[in-house]
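Reviewing the structure listed below.
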Amino acid sequence: MGSNSSGDKGTRNLVIGMISFIVVVGVVFSLISNRSSSTAAVPATVSEADGYGIVLNPESTPTIDVYVDYQCVACKYFEIINGGYLNEVIAQKKAKVVVHPLSFIGPESVLAANAVACAADENEFVDMNLALFQNQADQSNTGKWSKEYLAQLGKSIGITSSNFESCVNEGKYVRWTSNVATASGKADVNSTPTVFVNGKALDREAGEYGDLAKFRAALAAGGVK
């Protein structure tokens, strides 16, 4: 898409508008922090040292931390604008990327986080991450994202493993989502999307979330070549 197209300008304006509606989650973190469990099942790709996030390219540097809720509309538009480049960074191992799926918006956020963790077990995190945003409902917690729906969504992008289906249907990693939330609260993350590059947060007011060129520049400043 050309940078001067009316569609691009419209999307960018929408992103800028949606960023202003970022949901503050600090209170929610405090409410659920006591549900964090050291015995919760976690995917093999999850690192407790990295805030219980799903780690891609663990041997690479620098480190990019991405905090999203799959029902967060602003997160969807962040994905539309920046997801392609971030996936390129992941594919080319230009950085260690740690994704922290939050679940403060409600039960379907928990189910989506569980599903993307199940997909990570199958090395299909990136495609499932995108599929969730592409299939986000117009309103939160409408019942669209049932376990059955999410299992079928995985199948639709080529995840055919019976282990994936059972992982989704059994809610294998549901308890892990509380650990992610607790760790995120300790990291002072109070809104989504939030992105850190080597511990430095992207600047919302400077447009680093809603403008691809500025997003790329922010990552480059943090050492992403």
Side-chain angles (χ1 to χ4, degrees), residues 1-5 7-9 11-16 18-19 22 42-70 72 74-102 113 116-117 119-134 157-158 180 183-184 186-225:
M1 182 182 292
S3 60
N4 294 323
S5 70
D8 180 72
K9 290 180 180 178
T11 302
R12 181 172 299 169
N13 289 337
L14 180 57
V15 172
I16 292 171
M18 289 309 306
I19 293 297
I22 296 293
V42 298
T45 53
V46 162
S47 166
E48 180 179 355
D50 290 292
Y52 284 97
I54 295 171
V55 181
L56 306 167
N57 304 332
E59 304 303 322
S60 299
T61 58
T63 298
I64 302 170
D65 287 279
V66 182
Y67 295 81
V68 296
D69 186 308
Y70 286 106
C72 161
C75 298
K76 173 182 177 179
Y77 287 104
F78 172 81
E79 175 70 21
I80 290 172
I81 293 295
N82 303 310
Y85 177 62
L86 189 58
N87 288 345
E88 177 184 320
V89 168
I90 293 168
Q92 297 181 9
K93 298 186 177 181
K94 293 181 177 182
K96 171 184 175 180
V97 178
V98 185
V99 181
H100 308 258
L102 301 180
V116 83
D121 281 352
E122 308 297 327
N123 297 315
E124 296 287 355
F125 171 84
V126 169
D127 287 348
M128 191 64 175
N129 176 76
L130 177 59
L132 285 166
F133 284 123
Q134 288 177 330
I157 61 171
V180 179
S184 300
K186 291 178 180 178
D188 293 326
V189 174
N190 58 16
S191 56
T192 59
T194 290
V195 177
F196 294 92
V197 183
N198 274 348
K200 181 181 179 181
L202 265 60
D203 190 335
R204 299 188 195 283
E205 294 185 2
E208 292 178 349
Y209 286 85
D211 184 300
L212 178 56
K214 292 179 179 179
F215 177 73
R216 291 175 68 113
L219 267 56
V224 178
K225 305 301 182 183

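These figures come from a predicted structure and were not determined experimentally.
- Residues Gly223 and Pro62 come closest through the heavy atom pair O-CD, 3.6 Å.
- Atom-to-atom distance recorded for Cys75:SG and Leu132:CG is 12.0 Å, nearest 0.5 angstrom.
- The only member of Leu56, Asn57, Asn82, Ile64 that meets side-chain contact (heavy atoms from CB on, under 4.5 Å) when paired with Val89 is Ile64.
- Taking 4.5 Å as the limit, some side-chain heavy atom of Val224 sits within range of a side-chain heavy atom of Tyr85.
- For the pair Ile54 and Ala120, the tightest heavy-atom approach, listed with the atom from each and the gap, is CG2-CB, 4.1 Å.
- The shortest distance between side-chain heavy atoms of Val68 and Cys72 does not fall below 4.5 Å.
- For the residue pair Arg204 and Ser191, the shortest heavy atom distance occurs at NH2-OG, 2.7 Å.
- With rounding to the nearest 0.5 angstrom, the OG1 atom of Thr194 is 6.0 Å from the CZ atom of Phe196.
- Under the 4.5 Å side-chain criterion, counting only non-hydrogen atoms from C-beta, Val180 is in contact with Leu102.
- Checked against ring-ring contact (aromatic ring centres under 6.0 Å, His included), Tyr70 has the following partners two or more places apart in sequence or in another chain: Phe133.
- Looking at Leu219 and Glu208, their side chains never come closer than 4.5 Å, going by heavy atoms from C-beta outward.
- Between Gln134 and Glu79 the shortest side-chain heavy-atom distance does not fall below 4.5 Å.
- Residues Lys96 and Asp50 meet the side-chain proximity criterion, which asks for heavy atoms closer than 4.5 Å.
- Remark: Asp203 CG to Lys214 NZ distance equals 9.5 Å, nearest 0.5 Å.
- With rounding to the nearest 0.5 Å, the separation of CG in Asp188 from NZ in Lys186 is 12.0 Å.
- Considering every non-hydrogen atom in both Gly53 and His100, the closest pair reads CA-ND1, 3.9 Å.
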Hey, mind stepping through Thr45 and Phe125 against side-chain contact (heavy atoms from CB on, under 4.5 Å) and telling me if it holds? CA-CA 10 Å; Thr45 53; Phe125 171 84; over 6 Å; no

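- Without hydrogens or angle criteria, Asn198 side chain to Thr63 main chain gives a donor-acceptor distance under 3.5 Å.
- No side-chain heavy atom of Phe215 sits less than 4.5 Å from a side-chain heavy atom of Ile81.
- Classified by interplanar angle (parallel below 30°, tilted 30° to 60°, perpendicular above 60°), the ring pair Phe78/Tyr209 is tilted.
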